[in-house]
Undergrad: 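Pasting a structure below so you can have a look.
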There are 2 protein chains.
Amino acid sequence: MRLFWEHGYEGTSLAMLTSAMGITPTSLYAAFGSKDALFREAVAAYNAPENSPTDRAMLRPTAREAVEEMLRANADAYVDPGTPPGCMVVLSGINLSEGHEDVGRHLAELRGQDRAKVRARIVRGAEDGDLPAGADADVLADYALTVLHGLSVQARDGADPERVQAVIDAAMAGWDAMVRTFGDAARTGGAGRTP
Amino acid sequence: MRLFWEHGYEGTSLAMLTSAMGITPTSLYAAFGSKDALFREAVAAYNAPENSPTDRAMLRPTAREAVEEMLRANADAYVDPGTPPGCMVVLSGINLSEGHEDVGRHLAELRGQDRAKVRARIVRGAEDGDLPAGADADVLADYALTVLHGLSVQARDGADPERVQAVIDAAMAGWDAMVRTFGDAARTGGAGRTP
DNA sequence: TTTTTTATGTAGTGATCACTACATAATTGC
DNA sequence: GCAATTATGTAGTGATCACTACATAAAAAA
């Protein structure tokens, strides 16, 4: 998992995997079937619900708290010096040669699931009344995920943890401002686009 | 350039390059010296100042306009269906096997240069008075670049151009809110952290 | 124990990797 | 025209890729 996380699917060779695991190719193939299948199991372990900061964050009482904790908890993990920087789901399938597009699609689907979770939490916030009824869940979810994905690149560039938290301060200020425009739009009937 | 842009440094083989260029390996090596050197030339062409939306954006009269145009112009390029999605400098060196770390460092340095340009433009905005004197150029630059880098991943996931612009609306609302806290901090002596 | 099943290591599969020696073709200088 | 130089294609370099046939070793079943 750590090798795939750090070097990506194609940047990790079977030789690297077998030497890191202390086993031979035969054992690896008996246990996992193929490099593809092993990668998928590694991603599944990385993305397991019981370890997922995102899943945990969605339990927060308001949509805003949920999104903020999602950003902060994931960012903490991204810059944790004990693990490779950034998010495995975001980074490990960025560069693929022809013939491995399915790996990229699999990861894109997982990112889509995260987006769906955030979007659903936003919709619930609007229903619960902690967000304006007119809040655009698609835009807010895209915004939150754009910041989240950007933090993976920042982490790869060795971002300072404190500054990452300051970036999230700014991002949440943007969240609040955007939510306010939705509230205003609901009251005035406007389109909600910031001038 | 397009192959490296789309598949990354290691995801692009010499066979792909020679067949796309319609030349033989001999000619490629006579002209460029090595795959590394060709990649660097491709990145240089991609990142040329005369084509750079970022450089052009920095000429805007205020720091806010400069940052907003940087985001919008780059985002337009990221989702342009005529070119690979996302930013070559951000994406093409994400997954590297052992022994090619210098490629990653080279791209990270280019990202650092972009950050420095944005930071310098913010500092100038504070000097010019279109930003509060206490504005934290590091935080604002990191925030802008985090959103920018996140947009590359969104583009890879096939983000809708209109929704990308809406995300930038939210991001700029965040910029304004963050700038406001710096102004408030300057007036009240507070630390400037959004609660 | 003896047999059967399961797990593992050795050694090598063809394919592809980046790269190049060598020969031929095109171009240039005289 | 003729020699020197430059450019290009052919064919192959050793290394490494993901993967596996085969044989041996360990464990389980009889």
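Everything numeric in this text was worked out from a predicted model, so none of it was measured.
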Undergrad: Identify the two heavy atoms, one from B/Val89 and one from B/Leu110, that lie closest to each other, and give their separation to 0.1 Å.
TA: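 Nearest heavy atoms, B/Val89 then B/Leu110: CG1-CB, 3.9 Å.
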
Undergrad: What does B/Thr18 touch in the nucleic acid at a heavy-atom separation under 4.0 angstrom: a base, only the sugar-phosphate, or nothing?
TA: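 Answer is nothing: B/Thr18 stays at 4.0 Å or more from every strand.
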
Undergrad: Whole angstrom is fine here: how far is it from CD1 in B/Ile23 over to P in C/dA26?
TA: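 So the two atoms are 18 Å apart, to the nearest Å.
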
Undergrad: Rounded to whole angstroms, how far apart are CD on B/Glu10 and C1' on C/dC17?
TA: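 Taking CD of B/Glu10 and C1' of C/dC17, I get 11 Å after rounding.
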
Undergrad: Search all heavy atoms of B/Thr54 against all heavy atoms of B/Asn74 and return the closest pair with its distance.
TA: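 Closest approach of B/Thr54 to B/Asn74: OG1-ND2, 3.0 Å.
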
Undergrad: Please confirm whether the shortest side-chain N or O distance from B/Ser27 to OP1 or OP2 of D/dG9 is below 4.0 Å.
TA: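 Indeed, a polar side-chain atom of B/Ser27 lies that close.
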
Undergrad: Using the rule that Ile, Leu, Val, Met, Phe, Trp and Tyr join whenever any side-chain heavy atoms are under 4.5 Å apart, tell me whether B/Leu145 and B/Val123 fall into a single cluster.
TA: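 Hydrophobic grouping puts B/Leu145 apart from B/Val123.
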
Undergrad: Kindly say whether B/Asp142 contributes a backbone atom to a donor-acceptor pair with the side chain of B/Thr146 at under 3.5 angstrom?
TA: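 A pair under 3.5 Å: yes.
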
Undergrad: Are the side chains of B/Arg115 and A/Asp157 in touch, meaning some heavy atoms are under 4.5 Å apart?
TA: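 The answer is no; the side chains never approach within 4.5 Å.
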
Undergrad: Between A/Ala15 and A/Pro25, which has a closest nucleotide on DNA chain D that is more 5'?
TA: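 Its nucleotide being nearer the 5' end, the pick is A/Ala15.
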
Undergrad: Whole Å only: how far is the CG atom of A/Leu38 from the C1' atom of D/dC19?
TA: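 Those two atoms, CG and C1', are 13 Å apart.
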
Undergrad: Measure from CE on A/Met21 to P on C/dG9 and round the result to the nearest Å.
TA: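 One finds 12 Å between P of C/dG9 and CE of A/Met21, rounded.
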
Undergrad: Report the distance from atom NZ of A/Lys35 to atom P of D/dT20, rounded to the nearest whole Å.
TA: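 In whole Å, D/dT20 P and A/Lys35 NZ are 14 Å from each other.
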
Undergrad: For A/Leu14 and D/dC17, what is the distance between atoms CG and P respectively, to the nearest whole Å?
TA: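 A/Leu14 atom CG is separated from D/dC17 atom P by 8 Å.
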
Undergrad: Heavy atoms only, 4.0 Å cut-off, all strands: where does B/Ser97 land among base, sugar-phosphate and nothing?
TA: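 Nothing, no nucleic acid heavy atom in range.
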
Undergrad: So if I take every side-chain heavy atom of A/Tyr29 and compare against C/dC17, D/dC17, D/dA18, which nucleotide ends up nearest?
TA: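 That would be D/dA18.
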
Undergrad: Check the distance between C/dA18's P and B/Phe32's CZ and give it to me in whole angstrom.
TA: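 Taking CZ of B/Phe32 and P of C/dA18, I get 15 Å after rounding.
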
Undergrad: In whole angstrom, give the distance that lies between atom CG of B/Asp36 and atom C1' of C/dC17.
TA: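 One finds 14 Å between C1' of C/dC17 and CG of B/Asp36, rounded.
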
Undergrad: Select one nucleotide: of C/dT8, C/dC19, D/dT10, the one nearest the side-chain heavy atoms of B/Thr26.
TA: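 Taking heavy atoms from C-beta onward, the closest nucleotide is D/dT10.
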
Undergrad: Compare side-chain N and O positions of B/Thr24 against OP1 and OP2 of D/dT8 and report whether any pair is under 4.0 Å apart.
TA: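 For D/dT8, OP1/OP2 do not have a side-chain N/O of B/Thr24 under 4.0 Å.
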
